[in-house]
Amino acid sequence: MFGKIIGTGSYVPENIVTNNDLTKIVETSDSWIEERTGVKQRHLMKNETTATMATEAAKRAVENAGIKPEEIDVIVVSTVSSNLILPNTACFVQEQIGAINAFCFDINTACTGFMMAYNTVQSYINSGLVKTALIIGAEGLSRIVDWSDRGTCILFGDGAGAAIVKASEAAVFETVMKSDGRKGSALTCYNGFATRPRKIFTEEKQEISDIYEKTNGQESSDTFVKMDGQEIFRFAVKEVPKCINELMEKMNITSDDVDMFVLHQANLRICQGIAKRLKISMDKVPTNVSEYGNTSSACIPILLDELFKAGKLKKGDKIIMSGFGAGVTLAATYLEIC
Ligand code: ACO
């Protein structure tokens, strides 16, 4: 048995920053950003944190599902940009919403994260370990973006999306997941503490000295997102269609059988490039990147929430979701609305 999505919720900060606003801090223009990426604006945290956005999205998903927080057996948060390292963000959400019976953990697979969270809880449900799962993609990317780098800061936004997945005889699940660490350098961000001094004992263990984490060559500027945009573009447009095709072959279906492809909202040109290679119309590829920018692992659940709330996902609809990003990592997962 697998799980079905019985409720969704999302949260984005009220604070909207337009492309024109960004021209005040970096040399760019509204037209350059929109033409190259499809982004018109993004929502950025003011008083929020990644953990509070995750909590708000979770509360909305729980309410939408019509369940009690006590019914949740596991909470999985996908994030690369939480304000919290300890405790994990999932435990923070647990405490905030009163999901006292859940076990909780965070995962980091960047923009593939929500897919990984979904696939993980499907495996738990299938093994009989859990019945009801809360999965969340939450990102405060504005805290790790270099606001002086026009090549990256124009792309990203903050937000969170959540879903409740509950065991159901009717649920269908299939997935293909991949990683290629050899391409890891295309998109990096070192931990903020990587460049802090730390203490070591000298060889004689008599003295204590300060050292800086230089072994991997990190500098403080490396604690912001660094991206080889063209490498990421090539990876996404080439590998994501292959991954989706592999999933369809595994299921013995074609793109004609699929009603909608819910893709990670990296940027509009990437979504268009993937659609072109799959030979599918953009009518089957919903996007909201113009409003929110790229919110990494929050993209897919925010989009799913919007689609459900707008009545665009009906019983029987066949969906392929695909996340892809840093690592590099990617996944394509089949979802049937039931
Ligand atoms: N405004 C104006 N000019 C800019 C900007 C900007 N914001 N950013 C770069 N430029 C300039 C560059 O300096 C360069 O100028 P030059 O020719 O004088 O040197 C010129 O524009 C072209 O720069 P490129 O980097 O070659 O621009 P490109 O056409 O590759 O577009 C972009 C950059 C939009 C980042 C593109 O590479 C892309 O879409 N990559 C995918 C990255 C992505 O979506 N990442 C999301 C995170 S990863 C994920 O979610 C999977």
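Nothing here was measured: the structure is a model prediction, and the numbers come from that model. First listed ligand is number 1; within each ligand, the first listed atom is number 1.
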Between the side chains of Thr152 and Asp149, is a donor N or O closer than 3.5 angstrom to an acceptor N or O?
yes

Classify the ring geometry of Phe2 against Phe173: parallel below 30°, tilted from 30° to 60°, perpendicular beyond 60°.
tilted

Can you list the atoms of ligand 1 that are under 4.0 Å from a heavy atom of Gly325?
51 (C)

Ignoring hydrogens and geometry beyond distance, is a side-chain donor-acceptor pair present between Asn288 and Glu306 at under 3.5 Å?
yes

Hey, what's the ring geometry for His43 with Tyr292, parallel, tilted or perpendicular (30° and 60° as the breaks)?
tilted

Looking only at heavy atoms, is any part of Thr28 under 4.0 Å from ligand 1, and if so is it the side chain, the backbone, or both, or is it neither?
both

Before signing off on this row, confirm whether Arg150 and ligand 1 have an N or O atom pair separated by under 3.5 Å.
yes

Taking the side chain from Thr8 and the backbone from Ala163, do they hold a donor-acceptor pair closer than 3.5 Å?
no

Would you say Ser10 and Asp305 are linked by a side-chain donor-acceptor pair, where the criterion is simply a distance under 3.5 Å?
yes

Side chain of Asn83, backbone of Ala51: donor and acceptor closer than 3.5 Å?
yes

Atoms of ligand 1 less than 4.0 Å from Cys111 heavy atoms?
49 (C), 50 (O)

For atom 21 (O) of ligand 1, the protein heavy atom that lies nearest, with its residue and separation:
Trp32 CZ2, 3.4 Å

Where is the tightest heavy-atom contact between Gly161 and Pro301, given as atom of each residue plus distance?
C-CB, 3.5 Å

Atoms of ligand 1 close to Gln230 [distance to a heavy atom under 4.0 angstrom, numbered from 1]
24 (P), 26 (O), 30 (O), 37 (O)

Is there a polar contact, in the sense of an N or O pair closer than 3.5 Å, between Ile232 and ligand 1?
no

Please work out whether any backbone atom (N, CA, C, O) or any side-chain heavy atom from C-beta onward of Glu27 is under 4.0 Å from ligand 1, and answer side chain, backbone, both or neither.
backbone

Atoms in ligand 1 flagged as close to Asn294, the criterion being non-hydrogen separation under 4.0 Å:
46 (C), 47 (C), 49 (C), 50 (O)

Classify the contact between Phe324 and ligand 1 as side chain, backbone, both or neither, using a heavy-atom distance cut-off of under 4.0 Å.
both

Taking atom 34 (C) of ligand 1 as the reference point, the nearest protein heavy atom with its distance
Thr37 CG2, 3.8 Å

Between the side chains of Ser82 and Thr89, does any donor sit under 3.5 Å from an acceptor?
yes

Determine, counting only non-hydrogen atoms of the protein, whether one lies under 4.0 angstrom from atom 4 (C) of ligand 1.
yes

closest protein heavy atom to atom 22 (C) of ligand 1 is Arg36 NH1, 3.9 Å

Heavy-atom closest pair (Val289 atom, Asn294 atom, distance to 0.1 Å) is CG2-N, 4.3 Å

Where is the nearest protein heavy atom to atom 45 (N) of ligand 1: which residue, which atom, and how far?
Met227 SD, 3.1 Å

Which residue supplies the protein heavy atom nearest to atom 37 (O) of ligand 1, what is that atom called, and how far is it?
Gly229 C, 3.3 Å

Element-labelled atoms of ligand 1 that are located less than 4.0 Å from some non-hydrogen atom of Ile270:
41 (C), 44 (O)

Do you see a donor-acceptor pair shorter than 3.5 Å between the side chains of Thr333 and Thr175?
yes

Atom 48 (S) of ligand 1: which protein heavy atom is closest, and how many Å away?
Leu187 CD2, 3.4 Å

Within less than 4.0 angstrom of ligand 1, does Phe235 place any heavy atom?
no

Identify the protein heavy atom lying closest to atom 44 (O) of ligand 1, giving its residue, its atom name and the separation to 0.1 Å.
Asn267 ND2, 2.8 Å

For ligand 1, is there an N or O atom under 3.5 Å from any N or O atom of Arg269?
no

What one should report as the nearest heavy-atom pair of Asp158 and Ser142 is OD2-OG, 2.6 Å

Check ligand 1 against Phe156 and write out every atom of the ligand that is under 4.0 Å from a heavy-atom position of the residue.
47 (C)

